[in-house]
Amino acid sequence: MTDSSSSPGPAPTPEIDTTVPHSARVWNYWLGGKDNYPVDRAAGDRYREIFPGIIDTARAFRHFLARSVRYLAGEEGIRQFLDVGTGLPTVDNTHEVAQRVAPECRIVYVDNDPLVLAHARALLTSSPAGRTDYIDADMREPEKIAQAVAEPLDLTRPVGLMLMGVLGHMDDYDEARSIVRRLMDALPSGSFLALADSINVGAAHQEAARNYKDSGAVPYHLRTPEQITGFFAGLEPVEPGIVPIQRWRPEPDPFGPPAEVATMGGVARKP
């Protein structure tokens, strides 16, 4: 793996604040990971006590990411992926799913969290035929991201842009839409956007989100279904469109149908 944001030499160990919950660590806890601390587990448990469906939601996000990457690599022939706001590595990361379909896939992960950076350097390794990079950048600076990915990716060829559960961390919806548009503007025609975020359906979900904000963690803002659809403006959604993510090209499950979750998303092509 290449880290295009670092200088030669050993990577510095990030300072880890274990006094306040950390969104990536809480998410890791909900997914059954080990990269979390008591403060994260306490915040995650409080959220789950109010809204037990958060565990199903976390899993549904992961399954949707895997299905969308398999679709893009397998059916659309996408060989380059840009995963912005990747979070802590867990099972079936973007590069693992894509390179199982096509080992030559190139993947660039983008995050601005030093904890995520440290884990990415250690865990996000590419297949020999492909390439995996990590770029330290803030999604609020899409032009900086576009400039940084121009070397590891070929921006004359289509790219799959992944935005999974990250735009909810922005309170200003217009700014969030602008970020999506500017990132897609930097990618060539034939590129795809795969995006999902949670919606403000259900009193328990909204109460849990309000309590989470008071915990000291970075808040997560629930959107309306219309706002999620608005992120895809100017793009061509593939079937079945912008829908609850458990209904987007579901795969057979021997344990029965997937749980219903208050999260919407889809995949759309840049014309």
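Below, each value reflects all heavy atoms present in this structure, side chains not excepted, and no hydrogens, waters or symmetry copies. Everything quoted here is computed from the prediction, not taken from an experiment. All residue numbers in this chain count up from 1 along the given sequence.
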Common cluster, [X]/[Y], ILVMFWY with side-chain heavy-atom separation under 4.5 Å:
X	Y	answer
Leu222	Ile50	no
Tyr173	Leu195	yes
Val101	Ile107	no
Leu88	Tyr37	yes
Val218	Val110	no

task = List the steps and the verdict of side chain to side chain contact (heavy atoms under 4.5 Å, CB included) for Glu175 and Arg140.
result = CA-CA 8 Å; Glu175 183 183 3; Arg140 293 173 176 83; 4.0 Å; yes
ask   = Is it true that Arg269 and Glu75 make a salt bridge, defined as a side-chain N closer than 4.0 Å to a carboxylate O?
value =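 Salt bridge absent between Arg269 and Glu75.
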query = Can a salt bridge be assigned to the pair Arg48 and Asp45 using a cut-off of 4.0 Å between side-chain N and carboxylate O?
reply =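 Salt bridge: yes.
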key: Heavy-atom check, side chain of Arg70 versus side chain of Arg249, under 4.5 Å   =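 SC-SC contact between Arg70 and Arg249 ruled out.
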ask   = Looking at side-chain heavy atoms only, is the closest gap between Thr86 and Thr94 below 4.5 Å?
value =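 No, too far: nothing below the 4.5 Å cut-off.
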request  = Scan side-chain atoms only and decide if Asp197 and Tyr220 contain a donor-acceptor pair under the 3.5 Å cut-off.
outcome  =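 Yes, because at least one side-chain N or O of Asp197 sits under 3.5 Å from a partner of the opposite role on Tyr220.
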query = So, Ser23 and Tyr212: side-chain donor and acceptor under 3.5 Å apart, yes or no?
reply =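 The answer is yes; a qualifying pair exists.
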Test item: [X] side-chain N/O and [Y] main-chain N/O as donor-acceptor pair under 3.5 Å:
X	Y	result
Glu76	Tyr71	no
Arg79	Glu104	no
Asp133	Val108	no
Gln99	Cys105	yes

Minimal non-hydrogen separation, Lys144 against Asp136, with atom names =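 Distance-wise, the nearest heavy atoms are NZ-O, 4.3 Å.
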key: The single option from Tyr134, Phe81, Tyr109 passing ring-ring contact (aromatic ring centres under 6.0 Å, His included) against His95   =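 Looking at Tyr134, Phe81, Tyr109, the match for His95 under the ring-ring contact (aromatic ring centres under 6.0 Å, His included) is Tyr109.
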message = Let's go through Val267 and Trp248 carefully: what are the C-alpha distance in whole Å and the side-chain angles of both, what is the deciding distance for side chain to side chain contact (heavy atoms under 4.5 Å, CB included) to 0.1 Å, and is it a yes or a no?
response = CA-CA 9 Å; Val267 175; Trp248 193 88; 3.4 Å; yes
task = Go through the steps for Ile145 and Arg182 under the test side chain to side chain contact (heavy atoms under 4.5 Å, CB included), then give the verdict.
result = CA-CA 10 Å; Ile145 293 173; Arg182 289 149 65 195; over 6 Å; no
Going by atom type alone, with no hydrogens or angles, which donor-acceptor pairs under 3.5 Å involve a side-chain atom of residues 231-238 and a protein atom two or more places apart or on another chain?
none

query = Is there a side chain to side chain contact (heavy atoms under 4.5 Å, CB included) between Val166 and Val84 once you walk through the steps?
reply = CA-CA 8 Å; Val166 296; Val84 177; 5.5 Å; no
